[in-house]
There are 2 protein chains.
Amino acid sequence: MPRVTEDHLAARRREILDGARKCFAQYGYDKATVRRLEQTIGLSRGAIFHHFKDKDTLFFELAHEDAERMADVAAREGLVQVMRDMLAAPEQFDWLATRLEIARKLRTDPVFNKGWAERSAELSAATTERLRRQKQAGRLREDVPSEVLQTYLDLVLDGLVARLASGDDTERLGAVLDLVEASVRQR
Amino acid sequence: MPRVTEDHLAARRREILDGARKCFAQYGYDKATVRRLEQTIGLSRGAIFHHFKDKDTLFFELAHEDAERMADVAAREGLVQVMRDMLAAPEQFDWLATRLEIARKLRTDPVFNKGWAERSAELSAATTERLRRQKQAGRLREDVPSEVLQTYLDLVLDGLVARLASGDDTERLGAVLDLVEASVRQR
């Protein structure tokens with residue numbers, strides 16, 4: 001493909017993803033209808049779905065971008081740092097709320113669950129690898145299996161998202177993350 | 001009021017609440033429309049809203065019933081036991097998902113937030129009181145303020161709800177709750 005066309009394609013995809021993220025953040029997963037996606041992105045459904053198969057594909061791609069970014073932080077500094085970054089970015093809280101809104105769908109819609117899991121796998125893999133290295137370095141508590149520590153951190157992440165999306169005071173949540181961090185460490 | 005009328009009123013309210021809980025559990029907060037509430041409850045909107053002002057009043061009343069039940073357990077056995085009870089009641093997971101679906105509304109709609117907070121206050125009070133007594137008895141860790149421990153437990157509760165509503169494996173979550181329980185205790 002000629003370079004100019006490639007660049008144009010990438011720019012168009014970026015434009016669609018940025019608009020879609022705003023739309024999901026504003027209306028929530030369910031109420032971000034195709035009509036609203038058109039309005040927020042500023043393109044017709046034909047143009048949008050030429051680049052992304054459907055609404056869920058768009059949504060998964062955004063989740064994938066998050067997972068990549070979070071996996072990068074998790075690999076270097078751990079999942080608790082990912083959470084500290086969340087705390088520090090209130091402009092993300094609206095988008096974070098969509099993670100909660102899909103819980104029911106994740107449990108009851110196997111195709112959706114698979115699509116979501118595939119696009120979030122990187123974060124999970126990065127956390128597993130980081131915990132493995134921390135354990136090797138003797139920084140992780142030994143009395144609890146690593147899988148349990150990982151599930152614990154995943155649960156805390158979900159809880160943090162819920163508190164932030166509900167408008168909880170972020171100051172006290174910082175102290176909670178200190179407690180969480182200490183509770184997975186070797187004493 | 002004559003006794004027979006009182007009994008009738010109470011039975012009618014119970015009928016409406018049970019039907020509404022099923023409806024919210026099945027469709028989620030947003031999609032539990034007045035039309036669907038009528039169908040699931042088996043009464044007209046006139047009959048329903050004669051007893052409860054509107055959809056949100058119904059929803060808050062159900063949240064209040066939960067909070068009362070949970071406060072009772074929290075006062076006697078602590079918030080972690082409330083969570084263990086949740087784990088053991090998969091038939092509740094659909095209803096629990098509604099707690100996540102309202103996060104955005106809690107943050108952006110002050111009237112809704114106030115209504116919800118008022119109806120859930122009992123649980124929070126019961127947890128505060130239980131933590132106070134545990135601290136007095138020397139069973140609570142001393143290096144972290146009680147308010148932080150309470151926020152931590154609230155966050156874990158939200159995280160647990162999110163994992164259950166998403167269909168997470170409940171077996172590993174039991175071990176996570178052991179870890180949570182140990183992390184608030186005096187060592």
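From a predicted model like this one, the values you see are computed outputs, not experimental measurements. Numbers restart at 1 for each chain; the letters A, B, ... are given by sequence-line order, proteins then strands. FYI, side chains are in, hydrogens and waters are out, and symmetry mates aren't considered; it's all heavy atoms of this structure.
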Quiz item: Between A:Glu77 and A:Arg84, is a salt bridge (charged side-chain N to carboxylate O under 4.0 Å, His left out) present by the stated rule, with each step listed?
Solution: CA-CA 11 Å; A:Glu77 303 170 75; A:Arg84 294 197 196 279; over 6 Å; no

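A salt bridge between A:Glu101 and B:Arg104 is present, with a side-chain N of the basic residue lying under 4.0 Å from a carboxylate O of the acidic one. Salt-bridge check for A:Arg76 with A:Asp72: passed, with a basic side-chain N closer than 4.0 Å to an acidic carboxylate O. We find that B:Asp56 and B:Arg119 are not joined by a salt bridge, their nearest charged nitrogen and carboxylate oxygen being 4.0 Å or further apart. With salt bridges taken as basic N to acidic carboxylate O contacts below 4.0 Å, none links A:Asp30 and A:Lys105. With respect to B:Asp18 and B:Arg14, a salt bridge is recorded, a charged nitrogen being found less than 4.0 Å from a carboxylate O.
Each of B:Ser183, B:Ala165, B:Ala182 has some count of heavy-atom pairs under 4.5 Å with chain A, and the biggest count is that of B:Ala165. The residue among A:Gly167, A:Ala97, A:Ala103 with the most heavy atom pairs within less than 4.5 Å of chain B is A:Ala103. Counting heavy-atom pairs closer than 4.5 Å to chain A, the top-ranked of the candidates B:Thr98, B:Asp158, B:Leu157 is B:Asp158. With chain B as partner, the option from A:Asp178, A:Ile102, A:Asp143, A:Val156 having the largest number of non-hydrogen pairs under 4.5 angstrom is A:Val156. Ranked by heavy-atom pairs shorter than 4.5 Å toward chain B, the options A:Leu177, A:Val176, A:Asn113, A:Leu106 are led by A:Val176.
For the residue pair B:Thr151/B:Asp154, the side-chain donor-acceptor check at 3.5 Å is not satisfied.
For residues 5-35 of chain B, the ring pair (Phe, Tyr, Trp, His ring centres under 6.0 Å) pairs, not counting sequence neighbours, are B:Phe24-B:Phe59, B:Tyr29-B:Phe59, B:Tyr29-B:Phe112.
Only the backbone of B:Gln26 comes within contact range of chain A, with at least one heavy atom under 4.5 Å from a heavy atom of that chain. Of the two parts of A:Leu164, only the backbone, made up of N, CA, C and O, holds a non-hydrogen atom closer than 4.5 Å to a non-hydrogen atom of chain B. When heavy atoms are compared at a cutoff of 4.5 Å, A:Leu160 approaches chain B by way of both its backbone and its side chain. With a 4.5 Å cut-off on non-hydrogen atoms, B:Leu155 touches chain A through its backbone and its side chain both. Contact annotation for A:Arg141: only side-chain heavy atoms (C-beta onward) come within less than 4.5 Å of a heavy atom of chain B.
Crowding of A:Glu171 atom CD: a count of heavy atoms from other residues, nucleotides or ligands under 6.0 Å not exceeding 12.
Note: B:Arg21 CZ to B:Gln92 CD = 6.0 Å, rounded to the nearest 0.5 Å. Between B:Arg69 atom CZ and B:Leu123 atom CG the span is 10.5 Å, to the nearest 0.5 Å.
Of all residues in residues 36-43 of chain A, none places a non-hydrogen atom less than 4.5 angstrom from a non-hydrogen atom of chain B.
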